[in-house]
Number of protein chains: 2
Amino acid sequence: MEAQTEPQAEARIPLSKERVLRAAVGLADEGGIGSLTMRRLAERLGSEPMSLYYHVANKDALLDGVADLILGEIIEATGKIEISSGDWKTVARQRILAAREILLRHPWAPEVIESRTNMSTSSLRYFDSLIGLLLEAGFSIDLAHHALHALGSRAMGFTQEMYDDSQPLDDEALEFFLEQVADEYPHITTMVKSISHDADTTLGWCDDQFEFEFGLDLILDGLERLRGKPN
Amino acid sequence: MEAQTEPQAEARIPLSKERVLRAAVGLADEGGIGSLTMRRLAERLGSEPMSLYYHVANKDALLDGVADLILGEIIEATGKIEISSGDWKTVARQRILAAREILLRHPWAPEVIESRTNMSTSSLRYFDSLIGLLLEAGFSIDLAHHALHALGSRAMGFTQEMYDDSQPLDDEALEFFLEQVADEYPHITTMVKSISHDADTTLGWCDDQFEFEFGLDLILDGLERLRGKPN
DNA sequence: ACCTGAACACCGTTCAAGT
DNA sequence: ACCTGAACACCGTTCAAGT
């Protein structure tokens with residue numbers, strides 16, 4: 001009924017699955033997925049590693065929960081975009097870009113989501129609503145199915161980039177391409193040269209947002225063309 | 001000059017970067033990427049963990065080397081498909097499907113390739129040749145650049161599947177969808193029901209090869225349509 | 001019901017040494 | 001030039017116990 005006589009009897013918030021998962025997201029947001037360990041998570045929560053195992057079966061289940069939590073954010077954001085607000089393509093586009101916005105705030109999340117072998121209830125809900133949108137727009141079940149595969153992770157707002165363009169391609173790297181290996185990779189050299197001539201390269205090599213939308217529209221337009229065809 | 005008098009003086013093959021990398025691939029092929037550890041790798045090579053570090057800077061460098069080795073296989077296979085053998089689309093298609101065939105033999109490889117932040121010389125070579133194909137077909141440099149982003153990992157023959165369909169969707173899971181959650185995920189239920197009615201579901205839920213080609217063609221056709229346009 | 005301490009079987013890697 | 005042994009700083013997790 002009364003605080004102990006212990007020196008610093010901080011109001012000790014008890015653990016809970018919710019609290020554990022939220023702390024895990026926080027840890028990953030700050031230091032990347034590599035910094036999310038059971039031991040560090042416990043430390044952040046002011047408890048002991050083994051205490052986590054009461055709320056979460058093991059690390060794999062922790063990651064399941066974390067993925068589900070992020071997908072929950074996505075569902076909340078995309079749920080607001082109603083089917084009534086336009087043709088299927090603009091609605092799908094808006095939803096996918098909304099999902100992307102959330103994932104941009106959790107750069108480690110795509111990797112975690114991808115690594116889950118079992119679909120969480122959140123991802124089932126997300127895909128169910130996307131399928132509903134397509135069927136309502138007149139897609140055959142088969143075409144809707146192919147559409148999901150064709151979109152792949154893009155349906156949830158992310159792509160796996162094959163090249164790291166996070167830093168602006170400094171002069172050293174540029175020099176490297178233009179002089180050192182121009183004859184070994186002539187076409188890449190041409191491309192790099194061309195891109196670096198374009199406006200603000202200070203932002204980084206490529207405009208990821210533009211490229212994401214370009215690829216997304218390519219697929220959505222292709223699907224629109226197949227919709228209604230006899231199949 | 002002569003074998004030692006030691007009991008079992010097996011012809012001791014000396015380590016080399018080549019041998020280390022090949023053994024690493026073998027280990028991953030057999031037990032997945034999780035089973036590739038420095039310690040197990042050393043054991044397989046009949047030497048000690050620390051011996052590996054003479055041939056490879058650290059585990060990250062090992063993975064770089066492994067990715068490069070697989071990409072080398074891909075270059076060898078795709079190099080045979082000449083530009084002269086058809087229009088750009090069929091050539092690109094053939095090359096990409098050839099790359100895919102190799103990756104199907106190393107299911108762990110996409111993840112490793114994706115995780116490399118620095119492009120290996122092999123991937124530079126692969127993309128250089130792909131860009132060359134596009135430019136020669138009349139793509140503008142910008143469109144070729146967008147094409148690479150739109151294809152993403154598909155350019156090297158893989159996609160990241162969002163749902164694990166490796167097992168054939170057993171009766172239990174089917175039952176689950178058809179009865180338990182039909183009203184919670186109505187559209188997924190419809191789709192699953194439809195797919196499970198189709199021919200040989202014994203092969204697994206989805207036909208990955210078909211879906212890969214469907215998505216690939218969607219993108220290639222879209223690019224073909226943009227090619228030649230004023231942009 | 002909720003949390004913990006000690007211990008185990010693993011990791012990758014440093015460092016100083018052996019041939 | 002090539003390899004090694006001992007040791008360190010980390011992991012996730014089992015198990016038996018505490019409140």
Side-chain angles (χ1 to χ4, degrees), chain A residues 1-6 8-25 27-28 30-67 108 111-112 115-117, chain B residues 1-6 8-25 27-28 30-67 108 111-112 115-117:
Chain A
M1 286 310 196
E2 208 177 345
Q4 290 293 104
T5 52
E6 309 278 331
Q8 26 77 278
E10 296 270 353
R12 182 86 150 71
I13 313 155
L15 290 180
S16 70
K17 185 163 184 185
E18 169 84 11
R19 229 163 80 74
V20 168
L21 294 181
R22 294 220 174 278
V25 168
L27 217 45
E30 286 166 29
I33 197 63
S35 69
L36 173 54
T37 71
M38 299 301 271
R39 296 172 120 99
R40 272 197 267 219
L41 183 53
E43 194 184 17
R44 148 147 328 195
L45 287 162
S47 70
E48 300 303 314
M50 286 316 300
S51 308
L52 304 176
Y53 286 81
Y54 185 81
H55 300 93
V56 125
N58 49 36
K59 186 162 187 192
D60 211 54
L62 174 76
L63 293 177
D64 281 342
V66 162
W108 48 270
E111 187 183 331
V112 173
S115 72
R116 301 301 85 204
T117 48
Chain B
M1 285 308 195
E2 207 178 346
Q4 291 291 105
T5 53
E6 307 277 331
Q8 26 76 279
E10 297 271 351
R12 182 81 150 72
I13 314 153
L15 289 180
S16 70
K17 185 165 184 183
E18 169 82 11
R19 229 163 79 73
V20 167
L21 294 181
R22 294 222 174 275
V25 169
L27 217 46
E30 287 165 29
I33 197 64
S35 69
L36 173 54
T37 70
M38 299 301 270
R39 295 172 121 100
R40 271 196 269 219
L41 182 53
E43 195 184 17
R44 149 148 327 194
L45 288 162
S47 71
E48 300 304 313
M50 286 317 299
S51 307
L52 303 176
Y53 287 80
Y54 185 81
H55 300 94
V56 123
N58 50 35
K59 185 161 187 190
D60 211 54
L62 174 75
L63 293 177
D64 281 341
V66 162
W108 48 271
E111 188 183 331
V112 172
S115 72
R116 303 299 88 203
T117 49

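Chain identifiers are assigned alphabetically (A, B, ...) following the order of the sequence lines, protein sequences preceding nucleic acid strands; residue numbering begins at 1 within each chain.
- In this structure dA7(C) sits in a base pair with dT13(D), meeting the Watson-Crick or G-U test at under 3.5 Å.
- Residues Leu21(B) and Val25(B) have side chains not in contact (no heavy-atom distance under 4.5 Å, counting atoms from C-beta outward).
- Dashed line: the shortest gap from a side-chain N or O of Tyr54(A) to OP1 or OP2 of dC3(C) is not under 4.0 Å.
- Comparing dC11(D), dG5(C), dG12(C) by their nearest atom to the side chain of Arg39(A) picks out dC11(D).
- Considering only heavy atoms from C-beta on, Leu62(A) stays 4.5 Å or farther from Leu52(A) through its side chain.
- Proximity note for Met50(A) (side chain, C-beta onward) versus dG5(C), dC11(D), dT4(D): the nearest is dG5(C).
- Phosphate proximity of dC3(D) to Tyr53(B): absent, as no side-chain N or O sits under 4.0 Å from OP1 or OP2.
- A donor-acceptor pair under 3.5 Å links the side-chain atoms of Arg116(A) to the main chain of Asp60(A), judged by distance alone.
- Dashed line: the shortest gap from a side-chain N or O of His55(A) to OP1 or OP2 of dA1(C) is not under 4.0 Å.
- Counting only heavy atoms from C-beta on, Ser51(A) has its side chain closest to dT4(C) among dC3(D), dT4(C), dG12(D).
- No more than 12 heavy-atom neighbours from other residues, nucleotides or ligands sit within 6.0 angstrom of CZ on Arg22(B).
- Nucleic acid contact for Thr37(A): sugar-phosphate only, since backbone atoms but no base atoms lie under 4.0 Å from a heavy atom of the residue.
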